[in-house]
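The block underneath contains the structure these notes are about, expressed in structure tokens.
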Amino acid sequence: MPLSSLKPKMRPHSSLKQEFLKKWIMGLQRCSFSKKNMSILERKKAIKFSADIAMASARNGTTCWSRSLISNASKEGSDIHVVEQILGSESDRPAVENKVPTRRASVCKKIVKRSCRIRRRRRRRKCVASAPSSIAKHLVRKRREVLKSLIPGGEFMNEICLIEETLDYITSLRVQVDVMRSLASASVRASE
Amino acid sequence: MESNPGTTETRSNLTASDGGQVTAFESLQFTDEIHRLILAPTTINASSFTALVELPPPQAVELLHSPDSTKFIAAKPPNVEDFKGSFRFPSNTSLIEPDARFSVFSGEANNGNENRDSPVSKILNSNLEKAVKSEPAETESAQPLVSDPPVEKRRIKRKGRENKVKGSTKKSKTAVNESSEDAEKLPYVHVRARRGQATDSHSLAERARREKINARMKFLQELVPGCNKISGTALVLDEIINHVQSLQRQVEFLSMRLAAVNPRIDFNLDSVFTSESGSLMDSNFPGLVMPVMWPEVQGDGHRQQYQHQWNSDALQQPVWGREVHNNYITPEKSLLTYDSSANSVTLQANQLKMEL
């Protein structure tokens, strides 16, 4: 369960950063190998893309957001080799993980759409609720939906899972930002 | 006196001799310790928090029945907060271990002592200092119950507790006694319904779920800076959303910046390293990247170049001083220690020594 890995929350940041960095650079090299003379936007996209994939693969498929991120990325055929490159060093587990979310994803999407339709109908009837508790619930629900849209693969999670995934996602994003920032500053200093 | 057969496993650290050594003197020590623990402001860190959570509150209730602990109960401040009722995370064995140990201790401490309940109760209560708010209510009602009640050693069931409250929502002596005796040998934890709350399984399950969610929200509040003071789920979620969005925007911005700085995206790292900056972050790069390079033989001519350049850079490392420029470099300096799994082990060993 993801939370059991979160609870100590002492996932050693150093090893995570190292892993992320390694995979990121691997992906970048793969990118540059395939295309030369990219424009700045292409470069930025490639950088961000490989950073995201590296971050997600550093989770080794334990978290839902990482799996859905990787599966989304593998769908577009253009950059799939980058994904394979980054994941290729691991065992075949990522391949399995890639397939499973897509199947589950399509099923879940249907369920979610159905439930959204139902919910919309219900909401129209319930709109006039003025009790403070229902207002509070409404607010919280709104924010939960926003959070779901932010986190990759969030639509398929129940509330408990969502919060756990948010925790993990935030720590991963922080690691990503740290490494990128230091690399950027180092590069800037190098170019001066 | 009961002895739960399950708790006599060899998992315990304490032997029967230890139990025999629990004297009144030690109980006094425990009292002081517990007082200190209770009265000091307690901070939640993840491990202790979950250890707390694992122990079922009703267990403490039974243990508080011993006469020795009356003053302890009185000293308990009313600031037990939101871990209402009992709730638990999907647990794993490492978290249950401490509880099992405690329960074993209680089992063996029971073996000889008149005051057997008190040290056990104190130790267990030190874990439960932040436990259920309803506990004081329960204990106050149970204090007139002087006779030695059996000490409960309930095993903790991992998933899906049974909420077998006797169907009465009021706390009464008899209810406490009955459920305590009933729960003696059962292998799972009983959750007690609080005063005035419905006891059917649906609402209990709902409450358990809500408490799970609240517990995780607390984690999130700790993680996101500035969330601790906010009360109210909607505002906290607002903060969390803002934080996630800002982090995502930072990633975008930084990737743009990186793209702007480098003409090629594989980060001409040798030029980075020959800079004068010399922060340890940079000095770690060659060590980190070198193992990356070795498996990466794609017949690209550039690769060979990089390898040679990084070799020379690795040799240059000891020359660089250690400069800390920015705040965010500092944690990385300490965190990016390189495990020696690459070539040039001596260089990495030096790095490690410098950083540690």
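Naming convention: chains lettered A, B, ... in sequence-line order (proteins, then strands); numbering from 1 in each chain. Everything quoted here is computed from the prediction, not taken from an experiment.
To the nearest 0.5 Å, atoms CZ (B:Arg216) and CG (A:Leu162) are separated by 11.5 Å. Within the model, atoms CD1 of B:Ile213 and CG of A:Asn158 stand 8.0 Å from one another, a figure rounded to the nearest 0.5 Å. Atom CD1 of B:Ile240 and atom CZ of A:Arg143 lie 11.5 Å apart (nearest 0.5 Å). Between atom NZ of residue B:Lys218 and atom CD1 of residue A:Ile163 there is a gap of 12.5 Å, rounded to the nearest 0.5 Å. Taken from CG in A:Leu173 to CD in B:Gln245, the straight-line distance is 11.5 Å, to the nearest 0.5 Å. Between B:Met217 atom CE and A:Ile160 atom CD1 the span is 12.5 Å, to the nearest 0.5 Å.
Nearest approach of B:Ala234 to A:Leu139, heavy atoms of both residues: CB-CB, 4.2 Å. Considering all non-hydrogen atoms of both residues, B:Leu258 and A:Ser187 come closest at CD2-OG, 4.1 Å. Nearest heavy atom pair, residue B:Leu223 against residue A:Arg174, reads O-NH2, 2.9 Å. Across all non-hydrogen atoms, the minimal contact from B:Val251 to A:Met180 is O-CE, 3.8 Å.
Under 4.0 Å is where a charged nitrogen must lie from a carboxylate oxygen, and between B:Arg209 and A:Glu159 at least one such pair does.
Within the 4.5 Å cutoff, the side chain of B:Gln250 has heavy atoms near those of the A:Arg181 side chain.
No part of B:Val236 comes within reach of chain A, as not one of its non-hydrogen atoms sits under 4.5 angstrom from that chain.
In terms of the side-chain hydrogen bond (donor to acceptor under 3.5 Å, both in side chains) criterion, B:Gln221 has no residue partners (sequence neighbours excluded). B:Glu252 is linked by a side-chain hydrogen bond (donor to acceptor under 3.5 Å, both in side chains) to A:Lys44, counting only residues two or more places apart in sequence or in another chain.
Interface summary for chain A: among B:Ile241, B:Val244, B:Leu237, the most heavy-atom pairs under 4.5 angstrom belong to B:Ile241.
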